[in-house]
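The block underneath contains the structure these notes are about, expressed in structure tokens.
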Amino acid sequence: MPDPIPMPTRFGSSGQPVTRRDGVAKVTGAATFAADNHPNGLLHAVYVPATIARGRVVSMDVAAARAHPGVVEVYTPDNSLKLAGDPDAKPFMFAFRMHVLQTDRIAYANQPIALVVAETIEAANEGARLLAPVYEAETPRVTLDDAEGYKPEAAGFGAAETVHGDVEAGHAAAAKSVDLTYETPSQYHNAMETHAVVAEWDGDRLTLDLPNQAIVMSKAAYGYYFGIPPQNVLIRSPYLGGGFGSKAMSHAPVMLAIAAARAIGRPVKLMLRRDQMFGPVGHRGATRQHIRIGIDGDARMTVLDHHSLSATSTFDDFIEPAANASQGLYDAGALRSSHTGVRLDVGTPGPMRAPGEASGSAVLECAMDEMAEAAGMDPLEFRLKNYAETEPGTGKPYSSKALRECYAQGAEHFGWAGRPLEAGTMRDEAGMLVGWGMGTALFHAPMFAAEARATLRPDGTGLVETGAADMGQGAWTALAQIAADALGLPLDKVEFRAGTSDLPDGGVAGGSGHTATAGGALHSAGMDAIARLAEIATADPASPLHGAGNATIVARDGRLVVEGDEERGEDFATIIARAGGEAVVGTGGASRPPEAGAAHAMYAHGAVFAEVKVDPELYQMRVTRLVGAFAAGRIINPKLAESQLYGGMIWGLSFALHEEARHDRRTGRIVNGDLAGYHVPVNADVTGFDVITVHEDDPYVNALGIKGVGEIGITGTVGAIANAIRHATGTRVRRFPIRIEDLLAGG
Amino acid sequence: MSHSISLTVNGARHDVTLEDARVTLLDLLRERLQMPGTKKGCDRGQCGACTVLVDGRRVNSCLTLAVTVDDSDIVTIEGLAEGDSLHPVQTAFIEHDGFQCGYCTPGQIMSAVGLIAEGHAGDDLERIREGMSGNICRCSAYKGIAEAVQDAARRMAADEERKSA
Ligand code: FES
Ligand code: FES
């Protein structure tokens, strides 16, 4: 087993609730998002979305569109923009098949069927309207029952099936069991910033202003599709207006705009309309989950058997890995997670904030409550009864697990102890039905790979660089805090450069692993720069550090000092000046060695407690209190981490009560594909939320002890709210979002 | 047919000739006057990202045709701070972490400034939440937003009192 990783001994700015370094830019309108760019000679592109989900385009009035004043060019499958790389190949990670006008077949509503480029947005929109496509429509398959299932090769980015122990024996051994089917709808990321690009070519060099969660990695993707070396691609993505998983990969409309810019020889801007966000840019696929839990006479779980029927497109695979959420949490004697795919006439799903974990946890946590109820037990007591001391199935020790403390602190703060077991017994003074529910939150703590550079400048200040992306998680701030500590400098003495693809690879902002990964790289680059500076100082007879062992030297407030004898030291600038005035450059990287992952199970945990009030006649539901207690390793910036956790919990609220894309069965189109019809919470929906961060030291997860907080807030929350509604009303609704009509119908 | 309009944006006068009557105030600001601080989230009046003040009232600039704001006085996010000194609402948004990605933020802030000026929410959190519910934040920074507006409303009221005392 790997030894514990020695933790940095002293933290300066890390752990402090520093306000966002990009705060002033964001409150003054100075923060530049992709579509805010306006190079000279800019053209505007609008893509034309298919208004049927299955069939083919018979004709379009290209002449009318071309004749509209201001329209520069119209592209259709008849004069399509050729890419150098194959849009139907999947040559690298995060590559999805794209419809870039290579066919007149339509595989989903909102698939691009043409691109109109014009001098103004207004002309482009009008040109697009004038195309008035004529279709040959076929019956679309848009519900989970519309097609046969198939056995997928993978679920999300993980296994399609995982089995631990003897599942059949587990079922047979059960004294009591539940056998339940739940449904979750398709959901759409809907970052407030729609997908957008400003593409500009200079010969075979391409500059993209593009919101992107994996800036450096994406260079290779665009290089492949456009037949140019990756180093010829410059991606600028200083700010993303939200990503939530949808902005790590290339999408068809963006590809078309880039290709048009090359063909026409002028820069092109394309910004998706809100309704166009429902189709070509990924979504969380719909699921029907079948979950079975068995317990013995002592209420210990003999089996947890979770299956998900997950929707994908007819032309590519992304199976919402919902059943995998049942791995890693409860100590069941046997454990199975399995998936079946079903191909529908929809855009290909993709990872959306907590892919699999969100939809799987929703169902798992409801099922746990149903099992607790069948056992006549308090839901928290039942979960504690089945608390896993080591990872279920694998037996691996957890790198750390402060879930008990999360349960205890969350329950205490919420006042869970007074909860009556029976449903439908609590009312408030206004006569509203009151219910309390809870759920466990779980999210794996991954690390990817990243690199960074740290420079100590002759004036003693620091410059740290990595091609990281900030989509709101606070990278500009939290990563700078980590770097400042590694360099032994106060935060305001460190300049941080990120957000462009010509920097060292900052990794992927996703999977809740970005702070750990990019932060780890910055930490190691900073330590490298300090080690190099220490080498210079200890070799210099004129330095007070001359002859001191490298290992005993540490950086503190812009000085190198001997550990334990801080009088003996010298400031960075003086050391550098005497050595000739050249900046000292350190480099570093971070990733998790496979043996570390093999030795420990690594997860962040949490417990969420919800109170709902339901009108006894109208069945209107309101979440009145939501308390989340989370243990996620070391928190670099509590202010930003809490914002992420609140955001995740509100996404959980949204999952439970708001979000759902509904298809018109005749055309296959989504009928509520805008922000009026696709409901997400607004300010008035959010009251009584509290976040508790539970202290957790983790000496194994990575050098900084970080687990990540971006996604865990959704997990646990959905189940907690659904369970509270059951507790308030006595009605169990087994499809999300929970609707008034379901309660009126009694489930 | 072209349309000539004249409007004031953040104190500066602009005489604009529009060749196209379909141009919205939002696209006029973003694409023609090159002031992209105001954001487009839906272009349909459903999200509030494009909120600006027109003659002191908060409006969705995506639903406002530019030709209808002839002679109007517009304030956008770029015109709120005075030099380096931020408007109290801007300061409060930073302090209360009233945003994450920052994309909805210009609209949230302009909406908050409008709401405070309307005077009917005061520093009541519940009313502030209601009054800010036309501005969607997908990052869901709602708690910080509501607290920032409350804090700014209080500070601005206290400033007013001091001034009038
Ligand atoms: S962009 Fe105007 S309300 Fe959404
Ligand atoms: S801060 Fe991202 S949408 Fe509000």
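Letters A, B, ... are given to chains in the order of the sequence lines, protein chains preceding strands, and every chain is numbered from 1. All values reported here derive from a predicted model rather than from experimental measurement.
Of the atoms belonging to A:Met649, not a single heavy atom falls under 4.5 Å from chain B. With a 4.5 Å cut-off on non-hydrogen atoms, B:Glu95 touches chain A through its backbone but not through its side chain. The contact between A:Ala676 and chain B is made by backbone and side chain atoms together, counting heavy-atom distances below 4.5 Å. Contacts between A:Leu240 and chain B at a heavy-atom distance below 4.5 Å involve the backbone alone (N, CA, C, O). Heavy atoms of A:Ala35 lying under 4.5 Å from chain B belong to its backbone as well as its side chain. Contacts of A:Thr32 with chain B are absent, with no heavy-atom separation under 4.5 Å from either backbone or side chain. Interface residue B:Leu86: only side-chain heavy atoms are found under 4.5 Å from chain A. Interface remark: A:His44 contributes side-chain atoms only to the contact with chain B (heavy atom separation under 4.5 Å). Contacts of A:Gln644 with chain B are made by both backbone and side-chain atoms, with heavy-atom separations under 4.5 Å. In this structure, the portions of A:Asn190 lying under 4.5 Å from any heavy atom of chain B include both its backbone and its side chain. For chain B, no part of A:Leu653 is nearby; none of its heavy atoms comes within less than 4.5 Å. Residue A:Met471 touches chain B through its backbone alone, counting heavy-atom pairs closer than 4.5 Å.
Within the 4.5 Å cutoff, no side-chain heavy atoms of A:Val24 are placed close to those of B:Gln90. At a threshold of 4.5 Å between non-hydrogen side-chain atoms, the residues B:Arg44 and A:Leu675 do not count as touching. You'll find the side chain of B:Phe99 reaches within 4.5 Å of the side chain of A:Val27, heavy atoms only. A:Lys26 has its side chain out of reach of B:Tyr103: every pair of non-hydrogen atoms, C-beta onward, lies at least 4.5 Å apart.
Taking B:Pro36, B:Ala141, B:Ala81 one by one and counting their heavy-atom pairs under 4.5 Å with chain A, the maximum is reached by B:Pro36. Counting heavy-atom pairs under 4.5 Å between each of B:Ile94, B:Ile145, B:Leu125 and chain A puts B:Ile94 at the top. Counting heavy-atom pairs closer than 4.5 Å to chain B, the top residue among A:Lys639, A:His189, A:Met192 is A:Met192. Contacts with chain A were tallied for B:Ile128, B:Asp20, B:Val23, B:Ile109; B:Val23 has the most, counting heavy-atom pairs under 4.5 Å.
Expressed to the nearest 0.5 Å, how far CZ of A:Phe689 lies from NZ of B:Lys143 amounts to 10.5 Å. Between the CZ atom in A:Phe33 and the SG atom in B:Cys101 there is a gap of 5.5 Å [rounded to 0.5 Å]. Expressed to the nearest 0.5 Å, how far SG of B:Cys137 lies from CG of A:Asn683 amounts to 9.0 Å. We find the CZ-CG distance between B:Arg129 and A:Asp685 to be 10.5 Å, quoted to the nearest 0.5 Å. Distance check: A:His38 NE2 to B:Glu31 CD gives 5.5 Å after rounding to the nearest 0.5 Å.
Checking side-chain atoms of A:Arg273 against main-chain N and O of B:Cys42 turns up no donor-acceptor pair under 3.5 Å. Without hydrogens or angle criteria, A:Arg274 side chain to B:Gly41 main chain gives a donor-acceptor distance under 3.5 Å. Side chain of B:Arg22 to backbone of A:Glu126: no donor-acceptor contact under 3.5 angstrom is found. No donor-acceptor distance shorter than 3.5 angstrom exists from the side chain of B:Gln100 to the backbone of A:Gln473, with no hydrogens or angles considered. Looking at A:Trp651, its side chain never comes within 3.5 Å of a backbone N or O of B:Ser140 through a donor-acceptor pair. Remark: side-chain polar atoms of A:Thr28 are not paired, donor with acceptor, to backbone N or O of B:Glu78 under 3.5 angstrom. Checked by atom type and distance alone, the side chain of B:Tyr142 pairs as donor or acceptor with a backbone atom of A:Pro681 at under 3.5 Å.
Around atom CD of B:Gln34, more than 12 heavy atoms belonging to other residues, nucleotides or ligands sit under 6.0 Å away. Heavy-atom contacts from other residues, nucleotides or ligands closer than 6.0 Å to CD of B:Glu118 number more than 12.
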What's the verdict on side chain to side chain donor-acceptor pair (under 3.5 Å) for A:Ser643 and B:Asp97, showing C-alpha distance, side-chain angles and the deciding distance? CA-CA 7 Å; A:Ser643 287; B:Asp97 211 33; 2.5 Å; yes
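The two residues B:Ser133 and A:Ala684 have their closest heavy-atom pair at OG-N, 2.9 Å.
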